[in-house]
Amino acid sequence: MAPFRSPLEWPGLDGAAERRHSLFVIGDAGIEVRASLPGVRFAEIDADRLCYAPARALTAGTAVNLARCAVGYFRRVEVLARVGDDDYTEAIRRELCRIGAAHRLVVEPGVPNGVSVMLRDAAGGEEGGPGVRLLVVQDEPPARRLAAADVRAAAAGIEDADVLAVDGYSLLAPASREALHEAVRTARAAGTRVVFDVVPHDIDARLTASCVLPVLERADLVVSEAHTLARLLGHAPPIGGREPRDLLPVLDRAVSGGPLWLLRFGPTSLERVLVHQRGRPPEAYSTGYAPGTPRAGYGDRLTSCELYWWLSGG
């Protein structure tokens, strides 16, 4: 057996020398305002506060964020997302074109686009972690209403792709949940591989395991923080960022499909990955994330790198 070679060794986080494979992404697309608050900790705020800090607005969402990184690895990246009909719609379309991703945007007339606000406070304590993130998402954004009919209209793109990427946000509403299942059914019938990102990270507080398990069982690859899956399956989360090897038999018992698991763990659940698949010895590797590294977008860079590595036989 060849020695294990992690995706950080090849192709690495800066993109692939040869872009190949095709990726079809289903998820959110909207506008996000991001700001980091130096010198401010949420726990210490007990009155109104004015902060001058780096802040920016950008086109974002789970589909856009992954596509933005994936174009550095994949020959073709295509995005399916339901969006609103306002002044931001053209900005979303332009950004997808700018990064080189094909898109199938389903515009919902008379509906505003989804807007989110992400604030991160200053790191605290002697270890200087990444700080606490507060993410405020517009209630009932258009992505919640992506329909199975939207997926059927885009079926040719899913069938032609090497891999379909979906995420747990689509499970949070009835319409988008059925759209996700329709997409997975379409991919499986066509031989397109399926990757599922288990987000949001508190999905266990929003959905029962029975709602998530059908997707896990039909996925070929699952990306998740170890903490998230442990809580979802009623297992004790790893303590202190330890390697979650005791979670592996729990996954094998709960999920009959036997996907490849990429379990993120470490002090902030982003430093290391444990690779597991039933019947094979587990392996672990470093992600390269360290204190002081910008956190926003790092997970999508890592996922894009991992997907290319996986599809290339890694």
Side-chain angles (χ1 to χ4, degrees), residues 15-16 18-30 59-85 89-109 113-114 141-171 173 175-197 199 214-215 218-223 259 300 303-308 310-312:
E18 178 188 0
R19 288 189 292 178
R20 55 189 181 187
H21 312 302
S22 55
L23 172 68
F24 195 100
V25 187
I26 296 178
D28 299 345
T59 301
T62 58
V64 177
N65 293 342
L66 181 59
R68 186 179 284 123
C69 298
V71 293
Y73 295 88
F74 288 84
R75 172 181 51 80
R76 179 174 176 82
V77 176
E78 192 164 358
V79 170
L80 171 63
R82 180 172 279 254
V83 298
D85 180 20
T89 307
E90 187 57 32
I92 296 169
R93 187 179 286 113
R94 281 199 310 268
E95 176 62 8
L96 288 169
C97 291
R98 184 193 71 80
I99 65 176
H103 61 80
R104 297 172 183 253
L105 297 181
V106 181
V107 179
E108 188 172 350
N113 275 289
R144 297 281 180 94
R145 294 181 295 278
L146 183 73
D150 300 330
V151 172
R152 287 192 288 271
I158 297 172
E159 293 164 351
D160 289 343
D162 292 303
V163 62
L164 166 72
V166 293
D167 65 73
Y169 283 101
S170 294
L171 293 174
S176 57
R177 182 183 309 140
E178 181 52 38
L180 184 152
H181 287 300
E182 180 69 19
V184 172
R185 284 192 293 267
T186 301
R188 299 285 295 190
T192 299
R193 288 190 266 188
V194 176
V195 58
F196 178 55
D197 188 0
V199 287
V215 187
R218 290 188 290 170
D220 297 285
L221 183 146
V222 176
V223 177
D300 292 300
T303 298
S304 299
C305 171
E306 290 167 332
L307 287 179
Y308 184 93
W310 171 57
L311 290 169
S312 300

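The first residue of the sequence shown is numbered 1, and numbering continues consecutively from there.
Ionic pairing of R68 and D300 is not present here: no N-O contact between side-chain nitrogen and carboxylate oxygen is shorter than 4.0 angstrom. Taking a cutoff of 4.0 Å between a charged side-chain nitrogen and a carboxylate oxygen, E78 and R76 qualify as a salt bridge.
The CG atom of L164 lies 12.5 Å from the CZ atom of R193; values are rounded to the nearest 0.5 Å. Separation of atoms OG1 (T59) and CG (N113) is listed at 9.0 Å; rounding is to 0.5 Å. Between the CG atom of L171 and the NE2 atom of H181 there is a distance of 6.0 Å, given to the nearest 0.5 Å. If you take CG on L23 and CG on L311, they are separated by 8.5 Å, rounding to the nearest 0.5 Å. Between L146 atom CG and L80 atom CG the span is 5.0 Å, to the nearest 0.5 Å. Of the inter-residue distances, the one linking I158 atom CD1 with R104 atom CZ reads 8.0 Å to the nearest 0.5 angstrom.
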- [ ] Might you work through the salt bridge (Lys or Arg N to Asp or Glu O under 4.0 Å) test for R177 and E182, ending with a clear yes or no?
- [x] CA-CA 9 Å; R177 182 183 309 140; E182 180 69 19; over 6 Å; no

TODO: Starting from the C-alpha separation in whole Å, work towards a yes-or-no answer on salt bridge (Lys or Arg N to Asp or Glu O under 4.0 Å) for D220 and R188.
DONE: CA-CA 10 Å; D220 297 285; R188 299 285 295 190; 3.6 Å; yes

TODO: Start with the C-alpha distance between F196 and L221, add both sets of side-chain angles, then the distance that settles side-chain contact (heavy atoms from CB on, under 4.5 Å), and finish with yes or no.
DONE: CA-CA 6 Å; F196 178 55; L221 183 146; over 6 Å; no

Task: Test log, rule side-chain contact (heavy atoms from CB on, under 4.5 Å), inputs R75 and E18 - done: CA-CA 8 Å; R75 172 181 51 80; E18 178 188 0; over 6 Å; no

- [ ] Given side-chain contact (heavy atoms from CB on, under 4.5 Å), test E159 with T186 step by step and report yes or no.
- [x] CA-CA 7 Å; E159 293 164 351; T186 301; 4.0 Å; yes

- [ ] Go through V223 and V195 one step at a time and tell me if the side-chain contact (heavy atoms from CB on, under 4.5 Å) criterion holds.
- [x] CA-CA 8 Å; V223 177; V195 58; 4.3 Å; yes

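Side-chain atoms of S170 never come within 3.5 Å of backbone atoms of S176 as a donor-acceptor pair (strictly under, hydrogens ignored). R144 places no side-chain N or O within donor-acceptor distance of the main-chain N or O of A175, the cut-off being under 3.5 Å. Between the side chain of T62 and the backbone N or O of D28 there is at least one donor-acceptor pair closer than 3.5 Å. Y73 places no side-chain N or O within donor-acceptor distance of the main-chain N or O of S304, the cut-off being under 3.5 Å.
Annotation: side chain of V77 is not in contact with side chain of F24 (no heavy-atom distance under 4.5 Å). Taking the side chain as every heavy atom from C-beta outward, P141 and R82 never approach each other to under 4.5 Å. Residues D162 and T192 are not in side-chain contact: their nearest non-hydrogen atoms beyond the backbone lie 4.5 Å or more apart.
With 3.5 Å as the limit, one finds no donor-acceptor pair spanning the side chains of S22 and D160.
Minimum interatomic distance between A187 and V194 (heavy atoms only, all atoms of both residues): CB-CG2, 3.7 Å. Considering every non-hydrogen atom in both A101 and A67, the closest pair reads CB-CB, 4.3 Å. Residues L66 and A165 approach most closely at CD2-CB, 3.9 Å, considering heavy atoms. Here the closest non-hydrogen pair linking I26 and A183 is CD1-CB, 3.5 Å.
Using the six-membered ring where Trp is involved, H21 and Y308 have ring planes that are perpendicular, over 60° apart on the 30 and 60° scheme.
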